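Shown next, in structure tokens, is the structure this report addresses.
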Protein chains: 2
Amino acid sequence: MDGDTRDKIREVALELFSTRGFDQTSLREIAERVGLTKASLYYHYSSKQALLSAIVAPLVDGWQEVLDFASNQPHTPAAVRDVLARILDVMLDNRSLVGIFMRDPAGVVAAAESIWQDMIDMGNQLATWLAGPAPTTAEQLRAIAAMEVLGAALSASAYLKEEVSDEEMREVLLDSALGAMRL
Amino acid sequence: MDGDTRDKIREVALELFSTRGFDQTSLREIAERVGLTKASLYYHYSSKQALLSAIVAPLVDGWQEVLDFASNQPHTPAAVRDVLARILDVMLDNRSLVGIFMRDPAGVVAAAESIWQDMIDMGNQLATWLAGPAPTTAEQLRAIAAMEVLGAALSASAYLKEEVSDEEMREVLLDSALGAMRL
DNA sequence: GTCTATAATGGGATAGAC
DNA sequence: GTCTATCCCATTATAGAC
């Protein structure tokens with residue numbers, strides 16, 4: 001039962017990808033930290049892209065759940081609030097994972113365009129739902145803006161000196177996102 | 001007077017950096033499009049980093065102007081609106097330039113950390129001003145959120161099928177950013 | 001100012017022994 | 001499962017002729 005090594009590789013890669021960036025992280029560096037050689041990594045993951053896919057899977061699943069939930073909701077203010085809250089929860093629960101996409105979108109696109117496309121598609125569908133049925137251009141823009149607000153949960157740490165609790169982030173950013181939609 | 005070539009190089013590099021990403025764009029590719037060889041680029045720019053610096057200068061200047069303006073304003077709702085509008089204008093006037101930082105933050109950091117740090121610092125100072133004097137944590141978060149909303153001006157094109165006019169963007173996103181601050 | 005040629009480095013990935 | 005050794009490739013950057 002040596003899924004241990006596989007997991008360890010994933011953990012180390014996640015940390016490096018999300019801080020340094022995907023492209024700026026070499027397999028040599030990952031292997032070094034895990035305590036292996038580059039070649040041994042290839043026993044566990046067939047390529048750098050495969051490693052990224054494995055790491056990113058939980059986030060994709062998380063978005064998908066929110067999307068499934070949203071699809072079964074009528075577009076009421078209460079439901080919008082609920083969906084935004086769930087999106088925010090996924091972001092907070094997968095902070096470093098989301099960080100990979102924010103730190104190095106270009107690198108992810110270059111290495112695994114399909115993964116990136118999946119994320120864009122899901123973001124698109126969420127924004128579409130948020131905008132409501134037959135939305136005006138303004139409503140679409142506001143929906144996108146609301147989602148951008150939730151991204152502040154991640155950039156905040158770069159801008160703020162003091163730590164902010166997840167509870168406060170949840171509360172403030174949810175209200176802020178609703179404000180961006182003028183709800 | 002062959003600043004022509006220098007300018008042409010800058011133009012091509014800007015386009016490639018902002019679409020493919022800084023790190024994903026090789027000097028060979030730039031040279032090819034300009035109609036030169038790689039070696040000739042080095043006659044005009046001493047390194048890839050120097051090329052980036054030259055490209056990025058106008059954006060740095062733009063932010064600085066907004067910052068100077070804000071510093072001389074009292075923190076009233078009208079002034080907040082004004083400053084947000086100016087930030088948005090800078091973003092719209094330098095769309096592809098801002099795109100460089102959004103597409104490949106990690107690559108920029110790796111190649112020119114000081115440039116990145118300058119941008120972060122300026123963003124920080126703008127957010128600090130927006131948050132107002134002696135702000136609560138919530139107010140700081142809302143200020144960051146408001147700035148993120150303005151970033152929607154750039155991500156919008158990835159999410160929307162139809163073109164949106166700059167005027168509509170200006171109007172809607174400005175109001176949306178104010179909404180994020182509950183103003 | 002632009003070229004050809006080449007150095008120097010580092011990356012992802014594979015072969016094959018153990 | 002992990003290792004050593006190597007391949008292959010692209011990149012940034014430089015040297016020197018024209």
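As the structure is a prediction and not an experimental result, all values here were calculated from the model. For the numbers below, each heavy atom of this structure counts, side chains included, while hydrogens, waters and symmetry mates do not. Here is how names work: the chains are called A, B, and so on, in the same order as the sequence lines, proteins then strands, and each is numbered from 1.
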Candidates [options] - which lies nearest the side chain of [X]:
X	options	value
B:Leu36	D:dA13, C:dT2, C:dG12	C:dT2
B:Ala39	C:dA5, D:dC3, C:dG11	C:dA5
B:His44	C:dC3, C:dT2, D:dA13	C:dT2

Atom [atom1] of [X] to atom [atom2] of [N]: distance rounded to whole Å?
X	N	atom1	atom2	value
B:Gln49	D:dT11	CD	C1'	16 Å
B:Leu27	C:dT2	CG	P	16 Å
B:Glu32	C:dC3	CD	C1'	16 Å
B:Leu41	C:dT2	CG	P	10 Å
A:Gln24	C:dG10	CD	P	15 Å
A:Arg6	D:dT2	CZ	P	12 Å
B:Ile30	D:dA13	CD1	P	11 Å
B:Leu51	D:dA13	CG	P	10 Å

Is the phosphate of [N] approached by [X] (side-chain N or O, under 4.0 Å from OP1 or OP2)?
X	N	answer
A:Arg28	C:dG11	yes
B:Tyr43	C:dT2	no
B:Ser40	C:dC3	yes
A:Thr5	D:dT2	yes
B:Tyr42	D:dA13	yes

- [ ] Measure from NZ or CZ of A:Arg86 to the centre of the six-membered ring of A:Phe69 and say whether it is under 6.0 Å with the direction within 45° of the ring axis.
- [x] yes
Open item on the list: Over all strands shown, is B:Thr37 touching base, sugar-phosphate only, or nothing at heavy-atom distances under 4.0 angstrom?
Closed with: base
Task: 5' precedence on DNA chain D between B:Lys48 and A:Lys38 (nearest-nucleotide basis) - done: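 Going by which nucleotide is closer to the 5' end, it is A:Lys38.
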TODO: Output yes when A:Arg95 and A:Asp166 qualify as a salt bridge under the 4.0 Å nitrogen-oxygen rule, no when they do not.
DONE: yes
TODO: Go through the side-chain N and O atoms of A:Glu148 and B:Ser155 and say whether any donor and acceptor fall under 3.5 Å apart.
DONE: yes
Open item on the list: Would you say A:Asp121 and A:Gln125 are linked by a side-chain donor-acceptor pair, where the criterion is simply a distance under 3.5 Å?
Closed with: no
Open item on the list: Hydrophobic clusters here meaning ILVMFWY residues chained together by side-chain heavy-atom distances under 4.5 Å, can you tell me if B:Leu52 and B:Tyr43 are in one?
Closed with: no
